[in-house]
A.B. asks: 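Below you will find the structure I want to go over with you.
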Amino acid sequence: MHSALLEQLTPSQRIAVSHHEGPLLVLAGPGSGKTRVITYRIAALIEAGVRPYNICAITFTNKAAEEMRQRAATLGASGGAHISTFHSLCVRILRRYAAAADIHPSFSIYDTSDQNRCIKRAVKDCHLDGTNFPPARMLNAISTLKNKLIDAEAFQGRAEDFFSRTLSQVYTRYQQILAERNALDFDDLLMKTALLVENDADVGRELSDRFKFLLIDEYQDTNHAQYRLAKALALPHGNICATGDPDQSIYRWRGADIRNIMAFEKDWPEAVVVKLEENFRSTDAILKAADTLIAKNQNRKQKRLVATRTDEGKVVVESHEGEVEEADAVARQVEALLDQKVRPGQIAVFYRVNAMSRALEEAFVRHKVPYQIVRGIEFYNRKEIRDLLAYLKVMANPADEVALVRIINTPARGIGKVTVERAQGFATQHGISLSQALTRADEIATLGKAAQLKLKAFAHMMDRFRSQMEGKVAPLAEKVFTESGLEKSFQGTGQEGQDALENISELINAAAVYDQNAEEPSLIDYLQQISLFSDADAYDASSERVALMTLHAAKGLEFEHVFIIGLEDGLLPHERGSEDDDELEEERRLFFVGVTRAKTNLYLSYAWYRTVRGQFLRTVASPFLFELGPGFMADETEPEDEQDAFGGFGRSQRSTAAPAVPVSAAREPEFAPGQMVRHKTFGVGRVTKYADMGANSVVTVRFNSGQTKSLLLQYAHLSAL
DNA sequence: AAAACATACATTTTT
DNA sequence: TGTATGTTTT
């Protein structure tokens, strides 16, 4: 490593960069220059004589991978090193070793909605009632099993109680369905790869030889399957470098196991551990608040955040009447910043749920502030995009029945539900795929001549497309769009059709970019890559627009000015993520991640009322606001004249809540519809109905949690707000 | 078979 | 609130 480069580093960073052989754990706080350390490490390894070909760096998003490739290139460490996400790495391995993994390399990758169709089918095939065995829950359970590398076969052996045995049946059938369709879901990618590397000695050795140096970023968010895969790959040589921050683990809900990073030193006893506690990103005010906040987590390793910046910054908390006012205030503040010559690309707004972007978007349009909503997968969920992609998917993988059923009558070509079902019946009967059944449509005795002809015509069209699928993707997509009749179906349908056409041309443009960048563009590779696209991948740092994104998508980014909106109890922390302490701590970490993205100023806000799913609800300020340290919530009062006992902020705090008015003592029914009440377990809610029946009065309350309950007044112990 | 309509439903974060 | 499915009409 050039000494000039090394001199830019702190002593700890230098240790992390120059430690070459053997396990290394980098515990890096936010803003500690972790990314720089990783890229320098790659450069240092190459300079020490390691072939780039033998280096494998794993990042959390494709975007991060792309960025790391570029950064490494500027250090002269260009080309050769494999830099990608876990999922992309798995796709590559599975395609390369498809035979050993017992799959076909053209496999489709099924997303959540594809999975849903398959699990529903599986539940049905097992003659189970969808209400007792909700597809979503089954899918969730299967996902958990896959994360633990328990495949359907293994689970069959250990399913003992009734639920497990049923689940086992569904799991087995679900896997059959996927196999018939030559499809893998996200969890399969990890599980199959991990099991392959662990159990197939030849493949394991080959891959360990290939990837002699393993670097894994965001290790705190690895799940068990990723952990096992990484371990299996690194076991022969022990050259594993993991970097991460337990305080930034925010994916527990999808299987991330914080213990992976906590126990790294046990897994690799000879590991060198480097802590990066200095923060080069944020002003002291922001760091103090972040530090105070995260200290409230019980289950954590003590770590300090040491500020190196000495200039002024601020953390402000504001409250607003409703979400419209809140969004407006954000837009106005942004305008003020832009007037001070802050560049829009240096500003970001974070929120807990995607639905909150709407009010912001409207405000930004009103104020004519340039913005980007960082939401990548939404684009791929649009109907027209899914339709066109389904054509391409069927071409790449004719067994993909989910895609096939989607397009067989899109645009309408007179092939109805019954016809499809009969064709499916024929396929099952003859043990062939639906695609194959279509080419033999004239043999389907249950169908009339007209239906047979329509199916044949469709099959012919797909065959024709398939014969042209080699080479570049963009021209192919364009051709299919026109010749399938999709294009025509959108013409003359007004604004909606116009939007659809625009989206399609955006897709084709993106495909052209793929064609240009890929070494060897192919339809299969293209489809597999876009399946792994994430929200965060859509962030365009060079676009000079204010970035609007969820807190999850904000991971790994930094901005001079950060706004976090909707700091309300039930939203942040989210009610579905604060049932137990572990979940609440994760919500706190999520907030921590958001706070520590800010370099100079941090603007936090909440609204007194918020419309959630069409319901106008009274809110309660987030408890997290009180955990930032004293001073932030001092002189907050509700902006509007509020005559009830809900005046000051201090009193809305749970622990010091205003004394409740016992309901039983009230002579007059004081629970007219519209009244806000508090329930001991359900929290704050609004009365929607009141049936006055003396002692047996029933009050119906729609709680902020979204659930509506009818409660017997005398037992409910409601207090008026 | 397809469109129009109605009703139930769930409702975070995402690879 | 919106989606996603089911029902009725054309």
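Because the structure is predicted, anything quoted here is derived from the model rather than measured. When reading the values below, keep in mind they use all heavy atoms of this one structure, side chains included, and skip hydrogens, waters and symmetry mates. In what follows, every chain begins at residue 1, and chains take the letters A, B, ... in the order their sequences are listed.
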A.B. asks: Measure the distance from CD on A:Glu362 to C1' on C:dT1 and round it to the nearest whole Å.
C.D. replies: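 Between C1' of C:dT1 and CD of A:Glu362: 13 Å.
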A.B. asks: Are A:Thr410 and A:Asp387 close enough that a side-chain donor and a side-chain acceptor fall under 3.5 Å?
C.D. replies: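 The criterion, which ignores hydrogens and geometry beyond distance, is not satisfied for A:Asp387 and A:Thr410.
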A.B. asks: Take the protein atom CG of A:Asn381 and the nucleotide atom P of C:dG2, then report the distance between them rounded to whole Å.
C.D. replies: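 Checked: the CG to P distance equals 17 Å.
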A.B. asks: For B:dT14 and A:Thr112 - does any side-chain N or O of the residue sit under 4.0 Å from the phosphate oxygens OP1/OP2?
C.D. replies: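 A:Thr112 to B:dT14 OP1/OP2: no side-chain N or O under 4.0 Å.
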A.B. asks: Are the ring of A:His552 and the six-membered base ring of B:dT13 within the stacking cut-offs of under 5.5 Å and under 30°?
C.D. replies: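 Per 5.5 Å and 30° rule: no stacking.
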A.B. asks: With a 4.0 Å cut-off on heavy atoms, is A:Phe60 in touch with a base, just the backbone sugar-phosphate, or nothing at all?
C.D. replies: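 The residue A:Phe60 makes no contact with any strand.
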A.B. asks: Assess whether a salt bridge exists between A:Arg588 and A:Glu627, defined as any Lys/Arg side-chain N lying under 4.0 Å from an Asp/Glu carboxylate O.
C.D. replies: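 Answer for the salt bridge query: yes.
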A.B. asks: Rounded to whole Å, please give me the gap between CD in A:Glu378 and C1' in B:dT12.
C.D. replies: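 Going from CD in A:Glu378 over to C1' in B:dT12 covers 15 Å.
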A.B. asks: What nucleic acid atoms does A:Asn409 come within less than 4.0 Å of, heavy atoms only: base, sugar-phosphate, or nothing?
C.D. replies: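 Result for A:Asn409 = sugar-phosphate.
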A.B. asks: Contact class for A:Asn354 vs. all strands (heavy atom < 4.0 Å): base, sugar-phosphate, or nothing?
C.D. replies: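 Since only primed, P, OP1 and OP2 atoms lie under 4.0 Å of A:Asn354, the category is sugar-phosphate.
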A.B. asks: What is the base-pairing partner of B:dT14, counting Watson-Crick and G-U wobble geometry with both distances under 3.5 Å?
C.D. replies: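 Across any shown strand, B:dT14 pairs with none.
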A.B. asks: Between B:dA1, B:dA2, B:dT12, which nucleotide has the shortest distance from any of its atoms to the side chain of A:Glu587?
C.D. replies: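 Out of B:dA1, B:dA2, B:dT12, the nucleotide with an atom closest to A:Glu587's side chain is B:dT12.
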A.B. asks: When you match A:Ala136 and A:Ser88 each to their closest nucleotide on DNA chain B, which lands nearer the 5' end?
C.D. replies: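 Closest to the 5' end, via its nearest nucleotide, is A:Ala136.
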A.B. asks: Across all strands, who's sitting opposite B:dC5 as a Watson-Crick or G-U wobble pair, both distances under 3.5 Å?
C.D. replies: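 In the structure as shown, B:dC5 has C:dG6 as its Watson-Crick or wobble partner.
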A.B. asks: Counting only distance, no hydrogens or angles, is the base of B:dT12 paired donor-acceptor with the side chain of A:Arg352 under 3.5 Å?
C.D. replies: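 Pair found.
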A.B. asks: Is a salt bridge present between A:Arg589 and A:Asp245, judged by a nitrogen-to-oxygen distance below 4.0 Å?
C.D. replies: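 No salt bridge links A:Arg589 with A:Asp245.
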A.B. asks: Applying side chain to side chain donor-acceptor pair (under 3.5 Å), run through A:Ser108 and A:Asp400 and close with a yes or a no.
C.D. replies: CA-CA 7 Å; A:Ser108 296; A:Asp400 189 339; 2.8 Å; yes
A.B. asks: Starting at atom CD of A:Glu218, determine the distance to atom C1' of B:dT13, rounded to an integer number of angstrom.
C.D. replies: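 Distance, rounded to whole Å: 15 Å.
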A.B. asks: Starting at atom CG of A:Asp537, determine the distance to atom C1' of B:dT13, rounded to an integer number of angstrom.
C.D. replies: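 The answer, rounded to whole Å, is 16 Å.
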A.B. asks: Test A:Ser143 against every option in A:Asp185, A:Asn223, A:Asp187 by the side-chain hydrogen bond (donor to acceptor under 3.5 Å, both in side chains) rule and name the one that passes.
C.D. replies: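 That would be A:Asp187; it is the only one of A:Asp185, A:Asn223, A:Asp187 passing the side-chain hydrogen bond (donor to acceptor under 3.5 Å, both in side chains) with A:Ser143.
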A.B. asks: Is A:Arg358 close enough to C:dG2 that one of its side-chain N or O atoms is under 4.0 Å from OP1 or OP2 there?
C.D. replies: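 Affirmative; the distance criterion is met.
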A.B. asks: In whole Å, what separates the C1' atom of C:dT5 from that of B:dT12?
C.D. replies: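 That atom pair is separated by 23 Å.
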A.B. asks: Take the protein atom NZ of A:Lys417 and the nucleotide atom P of C:dT8, then report the distance between them rounded to whole Å.
C.D. replies: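 Taking NZ of A:Lys417 and P of C:dT8, I get 14 Å after rounding.
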A.B. asks: Tell me what A:Lys555 touches on the nucleic acid: a base, only sugar-phosphate, or nothing, going by heavy atoms under 4.0 Å.
C.D. replies: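 Touches nothing.
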A.B. asks: Whole Å only: how far is the CG atom of A:Asn116 from the P atom of C:dA4?
C.D. replies: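 Going from A:Asn116 (CG) to C:dA4 (P), I get 10 Å.
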A.B. asks: Rounded to the nearest angstrom, tell me the gap between atom CG in A:Asp185 and atom C1' in B:dT14.
C.D. replies: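 Taking atom C1' of B:dT14 as the reference, CG of A:Asp185 is at 14 Å.
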A.B. asks: Would you mind telling me which residue lines up with the more 5' stretch of DNA chain B, A:Phe186 or A:Gly416, judged by nearest nucleotide?
C.D. replies: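 In this pair, the answer is A:Gly416.
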A.B. asks: Less than 5.5 Å between centroids and less than 30° between ring planes, does A:Trp253 satisfy that with B:dT12?
C.D. replies: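 Whether judged by distance or by angle, A:Trp253 falls short somewhere, so it does not stack on the base of B:dT12.
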A.B. asks: Over all strands shown, is A:Arg375 touching base, sugar-phosphate only, or nothing at heavy-atom distances under 4.0 angstrom?
C.D. replies: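 Touches nothing.
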A.B. asks: Do the charged groups of A:Glu326 and A:Arg610 touch, with an N to O distance under 4.0 Å?
C.D. replies: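 Yes, A:Glu326 and A:Arg610 are salt-bridged.
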A.B. asks: When you measure from the side chain of A:Ala412, which nucleotide among B:dA1, B:dT13, B:dA2 comes out closest?
C.D. replies: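 The closest nucleotide is B:dA2.
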A.B. asks: Within the 4.0 Å heavy-atom criterion, would you say A:Thr419 contacts the bases, only the backbone, or no part of the nucleic acid?
C.D. replies: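 If one applies the 4.0 Å heavy-atom cut-off, A:Thr419 turns out to touch the sugar-phosphate alone, with no base involved.
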